[in-house]
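Structure record follows, encoded as structure tokens.
Numbering starts at 1 and runs along the sequence shown. Side-chain atoms are counted along with the backbone in the values below, which use heavy atoms only and exclude waters and symmetry mates.
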Amino acid sequence: MPRRRSRAVLAVLAVALGAVSAGCGDSGALQGAGPTPTAVSPARLWPSLTPASSPAYDIDEVEREVVKGVRVPGDDIRKVDPAAIVRAEIAAHPATYKTGGKAGETFPETARLLDDCDQGPERGKCPVLKPYYRDLTGDGHDDLALGFRLLPGPMTAVRVYTVDRHRLVQVMKWEDAVSAVEVAGRSLVISSPSDLARYEYRLEWTWDPDQKAMLLTHDEMVRTAGDGHGRHPSRKPASPSPSGSSSRSPSGSPSASGSAGAR
């Protein structure tokens, strides 16, 4: 009898201890989380395909150019007249802004309306947009994000300039129809409409210290909360570019965009 009674007591104590431990939360022991999906590695297609050794198209990954004829007083980029920068680009690439050119390939109205910029950007019919200043290169000094209209037409040009060795240097350029421009850290993000309803192109340029230029690091099509109606196409295979380069598509500009406020 005493042995049976002791076994019964031990059994009751074991149940009680189990209940107490369950009430005290995790005991620290490993627990199963249920079945997990099997990891699947990327499947390579056409493994016998000879890897390409050079690009098929010149898309001008690096856009770096010294702006001639524009001084930077005290190496302060804020003291440079934005309209003077656009005038310097027109002088360097006159064919792009000549009159009598093919529609959509030359922008004579941009050059003609620069006279309206004497009172400042976005005054009157001035095609130069409000300048924005941010440290995009990480050197502790302001850089300039500049946009201007390419007229006649729906496109806008966007440029980024920095100061290097007392010179004004263009480190990024793009032209396109533009929906929005944003600054995210040291990146510039441009959204442009596509010809698919509720989708837009989103391109991101990020400063690369090795190339000393802003590189196109992300190029994607994203879904937006649109109204379901088709929009004008943004990308055409032959986009005019003041420096003579053409990319896979035209490009955009930092018009009066949302998050890139001046400071």
Side-chain donor or acceptor of Thr106 paired with backbone N/O of Pro108 under 3.5 Å: no
Which residue pairs pass the disulfide bond (SG atoms under 2.5 Å apart) test with at least one member in residues 63-147, sequence neighbours excluded? Cys117-Cys126
Please check if any side-chain donor atom of Thr224 sits under 3.5 Å from a side-chain acceptor atom of Glu200, or the reverse. no
Looking only at heavy atoms, what is the nearest atom pair of Ile77 and Tyr161, with distance? CD1-O, 3.4 Å
Only one of Leu215, Asp208, Val160 passes side-chain contact (heavy atoms from CB on, under 4.5 Å) with Val171; say which it is. Val160
Just jot down the side-chain contact (heavy atoms from CB on, under 4.5 Å) partners of Lys212, sequence neighbours excluded, or say none. Arg64, Trp207
Validation row: Leu188, Leu203 side chains within 4.5 angstrom (heavy atoms): no
Polar side-chain atom of Thr156 near backbone of Arg149 as donor-acceptor pair, under 3.5 Å: no
Between Ser191 and Ser179, does the side-chain hydrogen bond (donor to acceptor under 3.5 Å, both in side chains) criterion hold? Intermediate values first, please. CA-CA 5 Å; Ser191 299; Ser179 301; over 6 Å; no
Main chain of Asp118, side chain of Arg123: is a donor-acceptor contact present, judged purely on distance under 3.5 Å? no
Apply side-chain hydrogen bond (donor to acceptor under 3.5 Å, both in side chains) to the pair Asp139 and Thr137, showing each step before the final yes or no. CA-CA 6 Å; Asp139 63 356; Thr137 61; 3.2 Å; yes
Does some side-chain heavy atom of Glu63 sit less than 4.5 Å from a side-chain heavy atom of Met172? no
